[in-house]
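Structure record follows, encoded as structure tokens.
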Amino acid sequence: MKARVRYAPSPTGLQHIGSVRTALFNYLFARSVGGDFILRLEDTDRTRSQDVYVKNLYDTFRWLGFYWDEGPDVGGPVGPYTQSERFALYREHAERLVDMGKAYYCFCSDDKSAAKDAEKAGLAQEQPEQEGDAQASGGFGYPRTCRGLDPAEAKRRAAAGEPHVIRLKIPLDGVTGFDDILLGRIEWKNADVNPDPVLLKSDGFPTYHLANVVDDHLMGITHVMRAQEWIPSAPLHMIMYEAFGWEPPKLCHLPMVLGDDGHKLSKRHGATAVDEFRKRGYLEAALINYVAMLGCSYEDGRDLYSLEDLARLFSMDHINKAPAVFDYVKLEWFNGQYIRMLSDEELAARIAPFMAEAGLIAAEPGAAEAAKLLAAAPLVKERLKYLSDAPEALRFLFAEPAVPPVEELLPKKMDAAGAARALGLAVELLGANDPADHDGCEAAFRAGAAEAGLKLGDLLMPLRVAVTGTKVSPPLFQSIAVLGKEAAIARAEKALAALKAAI
Ligand code: GLU
């Protein structure tokens, strides 16, 4: 049977590292076995679902570049893929369970009052709250008030329009469990399972549990890989599969992603929304590579994998049980590696939007600007941690820096007269040499420095500051070659005048 997996986000927040990890593992698994990867939008929580989050979802995955085979935007054979467009199916299935005696109509106004009524009657039960079910259960153990109603009578009341929900009958005894691919057997006593969760709400909306199970079945999902926080929902789902007489998909609950303090990764650890990483100048290939390694291993002693490599090598057998720790420093390292792997053309194209945003080039650069950016790209390829560092590093090539204050132009232990002498010599040497010939230039400056009794560094320093506006710049002669020798000399002359005026 062809494997079919899905990523089933609820559009109630921005796509973050954890959600992308879930999507990526599903994608890699599908690719590794020649299966299908499906996107299903679980937008049944109408108060929290928002269009901006749907847009963020599409934007994020378009940027990351691994995409679903079937989904709301690309269609497919078992759509619609948006749960709010499937409501009739959920009602139909909930009613089917009622008809089979596996679920029942409940007319209690809400769980809270039902629980209070039951408490008064001495019926209160302590039940663990089910994760993902808080909205359905209100966190209260529902005292099963309506479970004993006569089914025919209940059906008549529901048909007559009396407000109701449909609840799943959790078996009163016995055990429910499943074999998690990663974690092994997990079992619950049915007596410990949240009693009789709501499947269909009074407004006709399905709960997560009903929609999730019905859709996984109708969409032919064979494997479910999702975060471990969904484990508490699993017994309800298993009971539903059993009630419908359906075979459940195989479940694999993924290890948590933690921050460096051992707590679940969240905003307080730094950026977690994928969009922030994009804006910060991470390459999607670096992010994908790093996220793929959060809780999964591939080949020994190897760190760098393309998406194709990952898809070929991924195996659920290599997922770790232990939580993964998200390490921003490691990710930064990956990003640097991927920046170095870009061709000059690619790097120029990648930094162009950042340069444009900084106002250094036009959003649609002309031929001259594009050529300059292409020439500038190799100057920073070895140094950038993020694409967003490019504007600061390359600013001097696209905008003339202000004439530096005199004290910035002074090498250590040198006064204005000494610096003026050094800069004057540097200008002379530059005029006589070709900056594109880096080695030749360096040899000439070295010889010139020796002759003048200067350290090479002291000869270069005022020139560097005059031309680039900073003490730390990309390699100087290459930079001057991109800027143009005349422009560099003109900047140096201005600085020289400032130095002379300060003598
Ligand atoms: N809609 C759920 C979520 O937001 C899906 C959980 C699951 O994969 O079953 O994560």
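We count ligands from 1, going down the list as the structure has it; atoms in each ligand are counted the same way. These numbers were taken from a predicted model, which means no experiment stands behind them.
Between Y298 and F314, the ring-plane angle classifies as tilted under the 30° and 60° cut-offs. Using cut-offs of 30° and 60° on the angle between ring planes, the pair F326 and Y328 is perpendicular.
Those atoms of ligand 1 with a heavy atom of N212 less than 4.0 angstrom away are 7 (C), 9 (O).
Residue-ligand proximity: Y7 is placed with every non-hydrogen atom at 4.0 Å or more from ligand 1.
Figure legend: cation-pi geometry between K330 and Y290 absent, as NZ or CZ is not positioned both under 6.0 Å from the six-membered ring centre and within 45° of its axis. A cation-pi arrangement is found for R157 relative to F107, the charged atom lying closer than 6.0 Å to the ring centre and inside a 45° cone about the ring normal.
The closest protein non-hydrogen atom to atom 5 (C) of ligand 1 is A8 O, 3.2 Å. Of the protein's non-hydrogen atoms, the one nearest atom 1 (N) of ligand 1 is E42 OE1, 2.6 Å. Looking from atom 8 (O) of ligand 1 to the surrounding protein, the closest heavy atom is R6 NH1, 2.6 Å.
Not one N or O of V224 is nearer than 3.5 Å to an N or O of ligand 1, by distance alone.
For the atom pair NZ of K381 and CE of M341, the computed distance is 11.5 Å after rounding to the nearest 0.5 Å.
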